[in-house]
Amino acid sequence: MAQVQAQAAVQGQNVNGGANQFVTTSLYVGDLEANVTDSQLYDLFNQMGQVVSVRVCRDLSTRRSLGYGYVNYSSPQDAARALDVLNFTPVNGKPIRIMYSHRDPSLRKSGAGNIFIKNLDKAIDHKALHDTFSAFGNILSCKVATDLNGQSKGYGFVQFENEESAQKAIEKLNGMLLNDKQVYVGPFLRKQERETEISKNKFNNVYVKNLSEATSEEDLQKTFGEFGTITSVAVMRDADGKSKCFGFVNFENVDDAANAVDALNGKKFDDKEWYVGKAQRKSEREHELKYRFEQNMKEAADKFQGANLYIKNLDDSIEDDKLKQLFSQFGSITSCKVMRDPSGISRGSGFVAFSTPEEASRALQEMNGKMVVSKPLYVALAQRKEDRRARLQAQFSQMRPVTMASSVAPRLPMYPPGGPGLGQQLFYGQAPPAMIPPQVSFYLLI
DNA sequence: TTTGAGCGG
């Protein structure tokens, strides 16, 4: 796989799929021991070719190492070779972990292609793990969990560049013997996700949706009854007795419920593909919705970090279109909004989001202090995430939750298809200004 | 037994 990277590098392509020109020459070096210095990194990496620059990142005020740094080469081949040869080299006794520098965190955060391995023989180290799994695709990051002495804890992680490689690795290696130990290889799940996975496995009550309108309790009883004793069955209906096309089947026995889900989920009845799964309690459903929403908010916030401008001191006469006009000369505007109070009067503030931080930065420089209509504009980068969060919490109590029918509730723009369902009773409120990028117009309270 | 953390000038 090092060859693939080197080849891509020679051709000036970015193996990670981005467009950044530095991606092939700039390395991220992580898992640094706290006392590792710039010059140590330089000495090590300069053995692979001319190093252009190197730095260990430090906390601005305390100057303490943040445990990672960067090494830049002028030659992509040198960078590729350094990644291949120097990865997991101990520095101050701790193996460093090298990746191509990739500033956009979306791939890392998405967790796509990330797998977990357990029951690893203690003799298998980072390198051995890497070698074993690199047969299945390009690896972005790989490590064995270790204790403070560097001893293997018997499990590890491999993040592939793509999901297909991860699937192949799972398929081929799960249950295989590695150094005489049978390893488990599966998708990586965060602790929270894993707990809900487990809780999914034991339940009596089954939820079924996408029923045809004609499907009755008797039909459900008949279909589900094949799997075991049913204690109750219900098709949910509106006031007129018309089916809402979903229902619940409660089994006496948890295994029967699980079998029914396995067998019936995705099956077609009357031309309708049923969804059959564990019936969630309201609190579980809300918890899941909230979790997914927060993940999306985080992604949105990250994405717009640096590309999103906060504007103040706007003349009241300026509307969204006019704001956009003012800023469009600096780049491609992905969204633009003047904040207004409930009666529609401009708050004199707004947001302009560009597609790149560079455009935003230029716009900031050119537009801050510029006279527009009658007043000098105040232009700043939209608040950092941490500040937003703190202020968000302060304002949380002041937001009045609004219940909306699913038919009028706005779609959250950042939701992927199949995200939290709007058919649920969700609470939406107006986003507090200066908190949330304009793309995300509503704040969910649950 | 064991389900991370991580991107600047």
Side-chain angles (χ1 to χ4, degrees), chain A residues 14-16 18 20-34 36 38 41-42 51-60 63-74 79 83 87-88 94-122 124 126 129-130 139-148 150-161 166 169-170 174 178 181-200 298-299 302-303 305-306 357-358 361 384-385:
Chain A
N14 169 8
V15 285
N16 297 329
N20 191 318
Q21 57 172 314
F22 301 114
V23 138
T24 55
T25 54
S26 183
L27 299 178
Y28 166 91
V29 185
D31 293 354
L32 295 179
E33 191 271 338
V36 173
D38 291 357
L41 286 188
Y42 181 87
V51 165
V52 174
S53 67
V54 62
R55 70 192 254 113
V56 171
C57 293
R58 298 180 180 282
D59 181 280
L60 237 43
R63 305 303 300 159
R64 279 170 54 123
S65 167
L66 294 172
Y68 67 86
Y70 297 91
V71 175
N72 301 307
Y73 289 94
S74 58
L83 174 41
N87 207 3
F88 311 120
K94 191 175 173 195
I96 60 174
R97 185 167 50 89
I98 312 174
M99 304 167 66
Y100 276 108
S101 169
H102 205 285
R103 299 173 91 146
D104 176 359
S106 52
L107 222 199
R108 290 193 293 275
K109 298 237 163 101
S110 81
N114 206 6
I115 65 175
F116 172 70
I117 302 103
K118 72 180 175 187
N119 207 27
L120 276 175
D121 186 87
K122 302 276 201 242
I124 295 176
H126 307 298
L129 190 69
H130 190 282
I139 292 173
L140 296 183
S141 167
C142 161
K143 92 195 263 181
V144 171
T146 54
D147 63 20
L148 294 168
Q151 281 297 307
S152 166
K153 289 187 178 172
Y155 62 94
F157 312 90
V158 175
Q159 181 157 19
F160 285 98
E161 191 178 56
I170 291 169
N174 184 31
L178 243 50
K181 292 193 76 172
Q182 192 181 30
V183 293
Y184 164 89
V185 182
F188 170 79
L189 295 174
R190 306 218 95 84
K191 208 170 191 164
Q192 201 174 18
E193 296 169 314
R194 193 162 161 267
E195 277 160 9
T196 65
E197 280 296 318
I198 290 164
S199 77
K200 276 182 196 161
K298 274 183 203 156
E299 266 171 40
D302 284 344
K303 191 164 174 187
Q305 180 80 50
E358 289 73 26
S361 150
R384 288 167 54 83
K385 216 175 8 176

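All figures in this text were calculated on a predicted structure; none of them were measured in a lab. Proteins come first, then strands; the chains are lettered A, B, ... in the order of their sequence lines, and each starts at number 1.
- Between A:Gln159 and A:Lys153, the residue whose closest nucleotide on DNA chain B is further toward the 5' end is A:Lys153.
- Rounded to whole angstrom, the span from the CZ atom of A:Arg55 across to the P atom of B:dG9 amounts to 5 Å.
- Atoms OH (A:Tyr68) and C1' (B:dG4) sit 16 Å apart, rounded to a whole Å.
- Between the CG atom of A:Asp31 and the P atom of B:dC7 there is a distance of 12 Å, given to the nearest Å.
- Here A:Asn114 lies in heavy-atom contact (under 4.0 Å) with a base.
- In this structure, CD1 of A:Ile115 is placed 15 Å from P of B:dG4, rounded to the nearest angstrom.
- With centroids closer than 5.5 Å and planes inclined by less than 30 degrees as the test, A:Tyr70 and the base of B:dG8 pass as a stacked pair.
- Judged by distance alone with a 3.5 Å cut-off, a donor-acceptor contact links the side chain of A:Arg103 to the base of B:dG9.
- Residue A:Phe157 places its side chain closer to B:dG4 than to any other of B:dG8, B:dG4, B:dA5.
- In this structure, A:Asn119 contributes its side chain and A:Val183 its backbone to no donor-acceptor pair below 3.5 Å.
- In this view, A:Asp31 and A:Arg97, A:Lys143 satisfy the side-chain hydrogen bond (donor to acceptor under 3.5 Å, both in side chains) rule, not counting sequence neighbours.
- For the pair A:Asp59 (side chain) and A:Arg64 (backbone), a donor-acceptor distance under 3.5 Å is absent.
- Atom C1' of nucleotide B:dC7 and atom CD1 of A:Ile98 are separated by 14 Å, given to the nearest angstrom.
- Put simply, A:Tyr155 does not rest on the base of B:dT2: the two rings are not both less than 5.5 Å apart at their centres and under 30° in tilt.
- Closest contact between the side chain of A:Tyr184 and the listed nucleotides B:dT3, B:dG4, B:dC7 involves B:dT3.
- Across all strands, A:Lys191 comes closer than 4.0 Å only to sugar-phosphate atoms, never to a base (heavy-atom distances).
- Between A:Leu66 atom CG and B:dA5 atom C1' there is a gap of 13 Å when expressed in whole angstrom units.
- When distances are taken from the side chain of A:Ser141 to each of B:dG8, B:dG4, B:dT3, the shortest belongs to B:dG4.
- For A:Ala112, the side chain to side chain contact (heavy atoms under 4.5 Å, CB included) partners are A:Ser110, A:Glu163, not counting sequence neighbours.
- Cation-pi geometry between A:Lys118 and A:Tyr184 is met: under 6.0 angstrom from the ring centre, within 45 degrees of the axis.
- Judged by centroid separation below 5.5 Å and plane tilt below 30°, A:Phe188 does not stack onto the base of B:dG4.
- Here the nucleotide nearest the side chain of A:Ser26, chosen from B:dG6, B:dG8, B:dT3, is B:dG8.
- Taking atom CG of A:Leu178 as the reference point, atom C1' of B:dT2 lies 16 Å away to the nearest angstrom.
- A straight line from CG of A:Asp38 to P of B:dG9 spans 13 Å, rounded to a whole angstrom.
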